[in-house]
Amino acid sequence: MSAEFVDTNVLVYAHDTSAGAKRAAASDLIARLVAERSGCLSVQVLMELAATLTRKIPKPLAPDAAAEIVRDFATWTAFAPVPGDVVMALAIAQRNRISFWDAMIVRAAAALGAEILWSEDLADGQTYEGVLVRNPFRG
């Protein structure tokens, strides 16, 4: 089974009660990845998820509730960057003209051998470092 990397925004939508159709699409994707045991992410994604769920969504979650969600996703295969990954992300950002933080996501997905990176932040259908970006909220 191939690995599929999930960006923060997808995980946030799955837990944001105000997200409407995006919540349903994100939840369906996550359910499939759990069933197939093919989901992966990074420590960066887990940190962004915690911060967003507790502060940035319309109805923020209590820290204990957010911690439970983070614990659940922490069971997935996770990429923990080392200093060399930061240097590699800088090169990815420059080469692809994307933000450093998006480049860190691309670096993590590539390092984990993901074939797909689920995100709405990067260009749908674009391949970065051998990883195909798919937007789960497009048609």
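Sequence positions, counted from 1, serve as the residue numbers for this chain.
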### Task
Tell me, with the steps shown, if L46 and L41 meet side-chain contact (heavy atoms from CB on, under 4.5 Å).
CA-CA 8 Å; L46 293 175; L41 41 68; 4.0 Å; yes
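- Note: Q44 CD to R107 CZ = 13.0 Å, rounded to the nearest 0.5 Å.
- Between V45 and F73 the shortest side-chain heavy-atom distance does not fall below 4.5 Å.
- The shortest heavy-atom contact between A66 and L53 is CB-CB, 4.2 Å.
- Considering every non-hydrogen atom in both A26 and Y13, the closest pair reads CB-CB, 4.0 Å.
- Side-chain contact between L112 and T77 is present, with heavy atoms from C-beta onward closer than 4.5 Å.
- Applying the salt bridge (Lys or Arg N to Asp or Glu O under 4.0 Å) rule to pairs touching residues 62-83 yields E68-R71, sequence neighbours excluded.
- Between S119 and N9 the shortest heavy-atom distance is OG-ND2, 3.7 Å.
- The local environment of CE in M104 is crowded, with over 12 non-hydrogen atoms from other residues, nucleotides or ligands closer than 6.0 Å.
- Salt-bridge formation is detected for the pair R32/E4: a Lys NZ or Arg NE/NH1/NH2 atom is positioned less than 4.0 Å from an Asp or Glu carboxylate oxygen.
- With values rounded to the nearest 0.5 angstrom, I105 atom CD1 is found 4.0 Å from S42 atom OG.
- Here the CG atom belonging to D102 is positioned 4.5 Å from the CG atom belonging to L122, to the nearest 0.5 angstrom.
- Put simply, the side chain of V43 reaches to within 4.5 Å of the side chain of M47, judged on heavy atoms.
- Using a 4.0 Å cut-off between a side-chain N of Lys or Arg and a carboxylate O of Asp or Glu, E120 and R138 do not qualify as a salt bridge.
- Side-chain contact between R23 and T17 is present, with at least one heavy-atom pair separated by less than 4.5 Å.
- Under the 3.5 Å distance criterion, the side-chain polar atoms of N96 are matched with a main-chain donor or acceptor of I92.
- From L90, atom CG reaches atom CZ of R95 across 11.0 Å, with rounding to the nearest 0.5 Å.
- Residues G125 and L132 approach most closely at O-CD1, 3.4 Å, considering heavy atoms.
- Taking CD of E48 as the reference point, atom CH2 of W101 lies at 7.5 Å (rounded to 0.5 Å).
- Residues P63 and T54 approach most closely at CA-CG2, 4.1 Å, considering heavy atoms.
- Considering only heavy atoms from C-beta on, W76 comes within 4.5 Å of V6 through its side chain.
- Ring pair F79/F5: centre-to-centre distance not below 6.0 Å.
- In this structure a side-chain-to-backbone donor-acceptor pair under 3.5 Å is missing from D7 to W118.
- Using a 4.5 Å heavy-atom cutoff, the side chains of V131 and I116 are not in contact.
- Residue A3 comes nearest to G113 through the heavy atom pair CB-O, 4.3 Å, listed as atom of the first residue, atom of the second, then distance.
- In terms of hydrophobic clustering, with Ile, Leu, Val, Met, Phe, Trp and Tyr side chains grouped at heavy-atom distances under 4.5 Å, V12 and V34 are assigned to a common cluster.
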